[in-house]
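Remarks on the structure that follows.
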Amino acid sequence: MLKRAALLFLGAALPGYAPAGNQIYEPLAAEVRADLQASISDKPAPRHGFTNSAAAVNWLTEMSQRLETRIPNFQSRVEFLRTIHFEAIRAGLDPQLVLAVIQVESNFRKYAVSRSGARGYMQVMPFWVGVVGRKGDNLFSLRTNLRYGCVILKHYLDVEKGDLVRALGRYNGSLGRPEYPNLVIGAWRGAWRYQGRLALTAPLRLARVGSARAQAENAAAIVV
């Protein structure tokens, strides 16, 4: 508890500092690398991932209200949310889960940098640019950071066959330790839980976190 409090204090005292862990480089099979490269280089978000305008307005309005203290500028907030929704749905992730990851990783600080050099909203490690990206990709760019972060998280979910706890551990470089997955899943269940209609994403397995009932609640939260 004291360690966590100290890290949160440090993050508040140093606006650019991010206390989160980092992804660890692992060799990729050629076909996996090719798939990730294709995912990273696809066309950018048009506006958002909704096909229903009313659902888009409802989601953007509610999420904008929740984010107002963190991103005060309305236009910046809406652009941020549209991009999150598009990139999350494009990668096959729940947008609410991505919001929870960003809260824990960077607390919504665009220029956050960890001690190990992870960058931006989703704390992407620079080695990914060389592995699956293009020379010159800017990890502080909103769309680039979210594109990388969502693709990487989905990759880890595929590696772990849908086990969200282990995928989050890999994303944070803390595989086998419960603290980071618990923080993200807690934020997903709490601050970013959304009862409205979202685009369809595949259910995730929440192994070893909480009761069976809690796991069922999380699975239901991301299925239309």
Residue pair Leu168, Ile185: steps toward the side chain to side chain contact (heavy atoms under 4.5 Å, CB included) verdict: CA-CA 9 Å; Leu168 288 171; Ile185 292 170; 4.1 Å; yes
Can you tell if the side chain of [X] reaches within under 4.5 Å of the side chain of [Y], non-hydrogen atoms only?
| X | Y | result |
| --- | --- | --- |
| Tyr194 | Met63 | yes |
| Tyr180 | Val101 | yes |
| Arg193 | Gln96 | no |
| Leu97 | Leu164 | yes |

Does the side chain of [X] pick up a donor-acceptor pair with the side chain of [Y] at under 3.5 Å?
| X | Y | answer |
| --- | --- | --- |
| Gln103 | Trp188 | no |
| Ser141 | Asn138 | no |
| Asn145 | Arg119 | no |
| Tyr148 | Asp137 | yes |

Drop me the distance from [X]'s [atom1] to [Y]'s [atom2], to the nearest 0.5 angstrom.
| X | Y | atom1 | atom2 | result |
| --- | --- | --- | --- | --- |
| Leu146 | Ile84 | CG | CD1 | 5.5 Å |
| Arg82 | Glu87 | CZ | CD | 14.5 Å |
| Leu157 | Lys154 | CG | NZ | 6.5 Å |
| Leu93 | His85 | CG | NE2 | 11.5 Å |
| Phe108 | Arg70 | CZ | CZ | 5.0 Å |
| Asn73 | Glu79 | CG | CD | 9.5 Å |

Could you state whether [X] and [Y] fall into the same hydrophobic cluster, counting links through intermediate Ile, Leu, Val, Met, Phe, Trp or Tyr residues with side-chain heavy atoms under 4.5 angstrom apart?
| X | Y | answer |
| --- | --- | --- |
| Met122 | Phe127 | yes |
| Leu175 | Val184 | no |
| Val78 | Val57 | no |

Please report the shortest heavy-atom distance between [X] and [Y], naming the atom on each side.
| X | Y | answer |
| --- | --- | --- |
| Phe80 | Leu99 | CE2-CD2, 4.3 Å |
| Pro178 | Pro181 | O-CD, 3.4 Å |
| Ser64 | Arg77 | OG-NE, 2.8 Å |
| Pro95 | Ala88 | CA-CB, 3.7 Å |
| Ala112 | Ser106 | CB-CB, 3.9 Å |
| Val151 | Arg90 | CG2-NH1, 4.1 Å |

For Tyr121 and Phe140, I'd like to know if the aromatic rings sit close, meaning centre-to-centre distance below 6.0 Å.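 Centroid distance Tyr121-Phe140: not below 6.0 Å, so no.
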Is the Trp128 to Tyr171 ring centre distance short of 6.0 Å?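 Not under 6.0 Å, so no.
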Between Phe86 and Trp59, does a ring-ring contact (aromatic ring centres under 6.0 Å, His included) hold up when you go through it step by step? CA-CA 12 Å; Phe86 180 87; Trp59 185 82; over 10 Å; no
Checking the side chain of Ser114 only, and the main-chain atoms of Gly117 only, is there a donor and an acceptor separated by less than 3.5 Å?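 At least one qualifying donor-acceptor pair exists.
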Whether Ser116 side chain and Ala118 backbone form a donor-acceptor pair below 3.5 Å: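 Checking the backbone N and O of Ala118 against the side chain of Ser116, no donor-acceptor pair under 3.5 Å is found.
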